[in-house]
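First up is the structure itself, then whatever we jot down about it.
Just so it is clear, the values below take in all heavy atoms, side chains as well, and ignore hydrogens, waters and symmetry mates.
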Amino acid sequence: MKYRILGLLLALVGSSLFVLETVYAQASPESSPELTVTPVNTTSTLNTLKETYRGQLAEYRTAERTYQIAAQQYRELNTLVSLEAVLQAMKKAMILRDQVLITYLTILQTQLGQATGINLDQKTSLNDNLTNTNQLVSDHLQSTQGAETKEQIVAAASEFEVVGKQTETTSYLAQTILAIGRLQTVYDKATVLTDDLDKNLVATTVDIKQAERQRAIAEVKATLSNAKQEIEYLLSNQSQISTRATLQSALRNLNVIYQDLIRSLDYLDELLRL
Amino acid sequence: MNQEELPLTDQTRFTFEKPLFEDAAVVSAAEPAAEMKRPWFKTKKGLAILLSCVVFCILLLVATVFLTRQSDTVVPDQIQVQTLPSPSLTPNQQKISDLREELEEADPAKQEFPFPPVSMEIVLPDLTKPNN
């Protein structure tokens, strides 16, 4: 009896160890070849730049607040100490502002490099534009860092008027073209799918709903054509995108394209259900 | 009269059953020592084995649940689960579904990085003007 119980216990322990080993083997990734997961490179250049940008922007905001306080004190006190404080605060804020803009322009340039749906000439032209602007801001950063006297700091501040305007213009243009590129990519794929359906489904399937399908595909093509016209209009008027107001206007046009593409996909979905 | 003189006074028993009664009496008398012996699980040693067995089983269960959960956990930043096409969608419907996702990412209203909110007027205040 005793031996039987001992045997039973041993069997229990043995089977438990087997179950444990099986579960542990399932838990370890190298023993599961069917697992449909792929590693993603989280330390890409763009992500690093975005992190740097956020950090620099936070630092700039603090410096800008310090400058505002120093400027207010200078207005109220007008002493040598308050003048020195405002000059130092100005210099620091200007340096950080340039750094933020340089990183931002680099992000746009990296996004442009990865973007699809933009033709090569346009891509090259915009890339050159971004490079030139980046260089302009870098030069300004260098001159600000080297400014020591009151006159040099004041000069660096006034020089930024030109630099800032060009940075804004280039950035708005880049944002618009990147947004167009994203929509253009969807448009291209939707057009290919529409042509494919027209060739393989609408034209070949002969039944009672053939006419209905033909009308549906014509409607899809008309909607896509509207989107294409809007894209071309925006691309031909891209030189006008230079201020925040013109960017807002471009965004409204982009929204029209977006709505046209949504409608096209809805129509295609309906067409498949006919 | 005593019991030995009148062995068959119990009227619930029949005479032909007498040998059976005698056997039973003999058996019960032969095993008093066995009856006195306690079952294994009531002894200290048996109880300890039983308790350790129960504790082991509980630990094993906890370990199994823990490891199973760990194997199901996925770190979202490091791995991306490949979405397999839904079996209910046809290839064309799947293409439309993919395009919808792509279009959603291209929504112009979603500006991930608008122009940085920096001041364009960091200048030395002009003390001759009241509100510079």
Side-chain angles (χ1 to χ4, degrees), chain A residues 1-2 5 9 12-13 16 19-20 23-24 26-27 36-40 42 50 53 57 60 64 67 71 74-75 78 86-87 90 93-94 97 100-101 104 107 153-154 157-158 160-161 164 168 171-172 175 179 182-183 185-186 189-190 193 197 244 251 254-255 258 261-262 265 268-269 272, chain B residues 39-41 46 49-50 52-53 56-57 59-61 63-72 74 76-84 90 92-93 95-100 102-109 111-127 130-132:
Chain A
M1 183 70 176
K2 229 176 183 180
I5 292 162
L9 281 174
L12 184 72
V13 171
S16 305
V19 169
L20 197 65
V23 170
Y24 189 75
Q26 282 176 352
T36 56
V37 290
T38 47
V40 173
T42 50
K50 285 175 182 176
Y53 171 77
L57 192 61
Y60 163 77
E64 197 197 314
Y67 158 74
Y74 174 63
R75 274 189 217 102
N78 191 11
V86 76
L87 286 172
M90 265 177 76
M94 285 195 297
R97 180 177 61 186
V100 167
L101 293 176
Y104 181 71
I107 287 173
I153 294 172
V154 170
S158 61
F160 185 76
E161 202 178 332
E168 269 191 299
S171 302
Y172 293 145
Q175 278 179 24
R182 286 191 281 266
L183 293 172
T185 306
V186 178
K189 289 180 181 175
L193 182 62
L197 287 175
R244 202 180 290 267
L251 282 174
L254 285 167
N255 197 45
Y258 179 72
L261 289 172
I262 285 183
L265 295 179
L268 282 173
D269 224 356
L272 290 176
Chain B
W40 69 273
F41 54 83
I49 291 170
L50 199 68
S52 58
C53 192
F56 179 77
C57 285
L59 283 175
L60 187 75
L61 196 71
T64 309
V65 169
F66 176 73
L67 285 174
T68 313
R69 280 190 182 177
Q70 204 177 36
S71 69
D72 290 339
V74 169
D77 279 347
Q78 290 178 343
I79 45 180
Q80 181 184 37
V81 178
Q82 288 173 351
T83 49
L84 298 171
T90 63
N92 284 330
Q93 283 173 328
K95 280 180 194 170
I96 292 172
S97 173
D98 292 345
L99 276 176
R100 275 187 203 283
E102 206 170 329
L103 186 59
E104 205 170 316
E105 284 171 21
D107 184 354
Q111 274 192 296
E112 191 192 2
F113 278 93
F115 190 78
V118 292
S119 169
M120 294 288 164
E121 290 175 2
I122 297 177
V123 290
L124 185 68
D126 187 351
L127 296 178
N131 285 323
N132 184 18

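With a 4.5 Å cut-off on non-hydrogen atoms, A:Leu265 touches chain B through its backbone and its side chain both. For A:Leu261, the parts sitting under 4.5 Å from any heavy atom of chain B are the backbone and the side chain alike. With a 4.5 angstrom heavy-atom cutoff, A:Leu57 touches chain B only via side-chain atoms. Of the two parts of A:Glu168, the backbone and the side chain both hold a non-hydrogen atom closer than 4.5 Å to a non-hydrogen atom of chain B.
Ring pair B:Phe115/A:Tyr172 is tilted by interplanar angle, where 30° to 60° counts as tilted.
Distance CD/B:Glu121 to CD/A:Glu161: 8.5 Å, rounded to 0.5 Å.
Taking 4.5 Å as the limit, some side-chain heavy atom of A:Tyr60 sits within range of a side-chain heavy atom of B:Ser119. By the 4.5 Å heavy-atom criterion applied to side chains, B:Ile122 and A:Phe160 are not counted as neighbours. You'll find the side chain of A:Ile262 reaches within 4.5 Å of the side chain of B:Leu103, heavy atoms only. In this structure, B:Lys95 and A:Leu268 have side chains that are not in contact, with every pair of non-hydrogen atoms separated by 4.5 Å or more.
Looking at A:Tyr74, its side chain never comes within 3.5 Å of a backbone N or O of B:Leu124 through a donor-acceptor pair. Looking only at distances, a side-chain donor or acceptor of A:Tyr67 sits under 3.5 Å from a matching main-chain atom of B:Val123.
A salt bridge does not link A:Lys189 to B:Asp98: none of the charged nitrogens lies less than 4.0 Å from a carboxylate oxygen.
A:Arg75 approaches B:Pro125 most closely through the heavy-atom pair NE-CB, 3.8 Å. When all heavy atoms are compared, the tightest approach of B:Ala106 to A:Arg182 is CB-CB, 3.6 Å. Pairing each heavy atom of B:Pro108 with each of A:Leu251, the nearest pair is O-CD2, 3.8 Å.
Per-residue heavy-atom pair counts under 4.5 Å with chain B were compared for A:Leu193, A:Asn78, A:Val100, and the maximum is reached by A:Leu193. The candidate with the highest count of non-hydrogen atom pairs below 4.5 Å against chain B, out of A:Thr185, A:Val154, A:Leu183, A:Val86, is A:Leu183.
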